Amino acid sequence: MSWNPAGAPWPQQYYAAPPGHVFMPPPQPWIRPGPGYWEQAFPQQIQPATSLRSRYTHLNPILASDTTQIKYNVRSKPRAEIDPYVYNANAQTPVTLTAASTLRLISRAFPWSIDIATKHNQPLTCEHVWDAIHACLQVKVEDSEWGFISLAKKPKEREVIERAMKKRITDGDGDKYLKRIDIIGDATMFKGLDKDEEFAKARKVPGTKDSNVEVWVIKLGP
């Protein structure tokens with residue numbers, strides 16, 4: 001199926017969701033991508049992703065773990081980490097062919113879920129996903145969260161967390177309080193999104209109702 005949503009009857013603006021636990025994308029112009037934007041997303045020295053075929057046929061290949069060539073450090077803001085040419089060509093492209101307006105992200109690297117939603121069913125974009133991951137991991141770790149995490153971690157794993165925190169501070173982050181980004185240690189490189197139904201089922205809080213929101217697993221690594 002061709003990734004060419006140009007001409008789709010989508011509004012020219014998307015809007016922030018109401019306050020709550022859901023990530024709220026800031027208002028900005030909606031840009032309709034033209035044909036062939038995937039081929040145009042990379043400089044010539046990077047292998048064109050059109051030579052690859054993702055097993056996730058309705059997920060934007062710029063996000064799929066088996067086709068994406070965008071691997072960036074989630075410690076920093078995506079706009080600062082991703083090559084400007086690549087970022088500008090793909091930031092406003094939709095996450096899915098179905099123009100999904102809600103999404104849940106989970107990861108094996110950390111225990112928090114990331115819910116992303118737009119108001120008025122505006123389509124989610126790659127920029128929403130990148131920004132939501134960064135925003136989630138910049139949150140300070142609560143005392144109760146650290147209680148569970150510290151009990152589950154071995155001494156060497158706690159040392160990794162402490163080193164990550166010290167490195168973040170040394171690199172210029174003036175906040176000396178433990179952040180979620182520190183919990184993942186050195187595994188800070190975004191490597192795309194995966195589908196894992198079994199893991200998603202295990203991560204679901206017991207007693208919660210089923211929903212139609214798609215769940216994707218964030219792949220992180222060193």
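In this text, all values refer to a predicted model and were calculated from it rather than measured experimentally.
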Undergrad: Do the side chains of Leu59 and Ser54 get nearer than 4.5 Å, heavy atoms only?
TA: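 Contact flag for Ser54/Leu59 side chains = no.
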Undergrad: Give the cluster check for Ile114 versus Ile149: same hydrophobic cluster or not, with ILVMFWY residues linked at side-chain heavy-atom distances below 4.5 Å.
TA: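 Yes, Ile114 connects to Ile149 through the hydrophobic network.
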Undergrad: Side-chain heavy atoms under 4.5 angstrom apart, residues restricted to Ile, Leu, Val, Met, Phe, Trp, Tyr: same cluster for Tyr56 and Ile62?
TA: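 Yes: a chain of side-chain contacts under 4.5 Å links Tyr56 to Ile62.
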Undergrad: May I ask you to list the residues sharing a hydrophobic cluster with Val215, side-chain cutoff 4.5 Å, ordered by chain and number?
TA: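 When side chains under 4.5 Å apart are linked, the cluster holding Val215 also contains Ile106, Phe199, Val217.
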Undergrad: Taking the side chain as C-beta and beyond, is there a heavy-atom pair between Glu127 and Pro78 under 4.5 Å?
TA: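 Of all side-chain heavy-atom pairs linking Pro78 with Glu127, none is under 4.5 Å.
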Undergrad: Give me the atom names and distance for the closest heavy-atom approach of Cys126 to Asn60.
TA: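 Closest pair (atom of Cys126, atom of Asn60, distance): SG-ND2, 3.4 Å.
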Undergrad: Report all side-chain donor-acceptor pairs from residues 133-144 shorter than 3.5 Å, counting only partners two or more places apart or in another chain.
TA:
unit_1: His134; atom_1: ND1; unit_2: Val74; atom_2: O; d: 3.2
unit_1: His134; atom_1: ND1; unit_2: Ser76; atom_2: O; d: 3.2
unit_1: Gln138; atom_1: OE1; unit_2: Lys179; atom_2: NZ; d: 3.3

Undergrad: Are any non-hydrogen side-chain atoms of Pro123 and Thr118 less than 4.5 angstrom apart?
TA: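 No; the side chains remain at least 4.5 Å from each other.
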Undergrad: Can you list every pair that meets salt bridge (Lys or Arg N to Asp or Glu O under 4.0 Å) and has a residue in residues 159-170, with sequence neighbours left out?
TA: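 Those involving residues 159-170 are Lys167-Asp171, Arg168-Asp173, Arg168-Asp182.
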Undergrad: Could you tell me the separation between the CZ atom of Arg108 and the NZ atom of Lys219, rounded to the nearest 0.5 Å?
TA: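 Answer rounded to 0.5 Å: 11.5 Å.
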Undergrad: Roughly how far, to the nearest 0.5 Å, is OG of Ser65 from NZ of Lys71?
TA: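 It is 8.5 Å, given to the nearest 0.5 Å.
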Undergrad: Say you draw a straight line from OG of Ser107 to CG of Asp194; how long is it, rounded to the nearest 0.5 Å?
TA: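 Ser107 atom OG to Asp194 atom CG measures 10.0 Å (nearest 0.5 Å).
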Undergrad: Check the pair Lys195, Asp66 against salt bridge (charged side-chain N to carboxylate O under 4.0 Å, His left out), reporting the backbone distance first and the verdict last.
TA: CA-CA 11 Å; Lys195 265 289 183 187; Asp66 55 355; over 6 Å; no
Undergrad: Can you tell me how far CZ of Arg158 sits from CG of Leu151, rounded to the nearest 0.5 angstrom?
TA: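 Interatomic distance, Leu151 CG to Arg158 CZ, rounded to 0.5 Å: 8.5 Å.
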Undergrad: Provide the closest heavy-atom pair for Thr102 versus Ala117 in the form atom of the first, atom of the second, distance.
TA: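 Closest approach of Thr102 to Ala117: CG2-CB, 3.8 Å.
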Undergrad: Say you draw a straight line from CG of Leu193 to CG of Leu63; how long is it, rounded to the nearest 0.5 Å?
TA: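 That separation rounds to 5.0 Å.
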Undergrad: Evaluate the side-chain proximity of Ile161 to Trp146: yes if any heavy-atom separation is below 4.5 Å, no if none is.
TA: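 Answer yes - side chains close enough.
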Undergrad: Can you classify the ring geometry of Trp130 versus Tyr87 as parallel (below 30°), tilted (30 to 60°) or perpendicular (above 60°)?
TA: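 Rings of Trp130 and Tyr87: tilted, 30 to 60°.
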Undergrad: Less than 4.5 Å apart, side chain to side chain, heavy atoms only: is that true for Leu220 and Phe110?
TA: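 Sidechains of Phe110 and Leu220: in contact.
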Undergrad: Could you check if a side-chain atom of Leu178 sits within less than 4.5 angstrom of a side-chain atom of Ile183, using non-hydrogen atoms only?
TA: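 They are in contact (side-chain heavy atoms under 4.5 Å apart), so the answer is yes.
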Undergrad: For Arg75 and Ala164, work out which heavy atoms get closest and say how close.
TA: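 Result for this residue pair: NH2-CB, 3.5 Å.
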Undergrad: Can you find a pair of side-chain heavy atoms, one from His128 and one from Val95, that are under 4.5 Å apart?
TA: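 No, side chains not in contact.
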Undergrad: Just checking Asn73: does its CG atom have more than 12 heavy atoms from other residues, nucleotides or ligands closer to it than 6.0 angstrom?
TA: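 Atom CG in Asn73 is crowded, with more than 12 foreign heavy atoms closer than 6.0 Å.
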Undergrad: side-chain contact (heavy atoms from CB on, under 4.5 Å), that's the test. Do Arg180 and Trp112 meet it? Break it down for me.
TA: CA-CA 9 Å; Arg180 292 176 175 179; Trp112 301 280; 3.3 Å; yes
Undergrad: Within the 4.5 Å heavy-atom criterion, are Ile82 and Phe190 side-chain neighbours or not?
TA: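 No; the side chains remain at least 4.5 Å from each other.
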Undergrad: So which heavy atom on Arg203 is nearest to which on Pro111, and how close?
TA: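 Arg203 and Pro111 have their closest heavy atoms at NH2-O, 2.9 Å.
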Undergrad: On a heavy-atom basis, which atom in Ala132 and which in Ile116 lie closest, and how many Å separate them?
TA: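 Nearest pair, atom of Ala132 first, then Ile116: CB-CD1, 3.5 Å.
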Undergrad: What pair of heavy atoms forms the shortest contact from Thr208 to Val205, and how long is it?
TA: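 Shortest heavy-atom contact: OG1-O, 2.6 Å.
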Undergrad: For Lys77, does the NZ atom sit with more than 12 other heavy atoms under 6.0 Å from it, leaving out its own atoms?
TA: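 Atom NZ in Lys77 is not crowded, with 12 or fewer foreign heavy atoms closer than 6.0 Å.
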Undergrad: Over 60° means perpendicular and under 30° means parallel, so tell me whether His58 and Trp216 are parallel, tilted or perpendicular.
TA: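 Rings of His58 and Trp216: tilted, 30 to 60°.
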Undergrad: Checking Arg79 side chain against Asn88 main chain: does a donor-acceptor pair fall under 3.5 Å?
TA: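 Checked: no pair found.
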Undergrad: Using the rule that Ile, Leu, Val, Met, Phe, Trp and Tyr join whenever any side-chain heavy atoms are under 4.5 Å apart, tell me whether Ile181 and Phe148 fall into a single cluster.
TA: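 No, no single cluster joins them.
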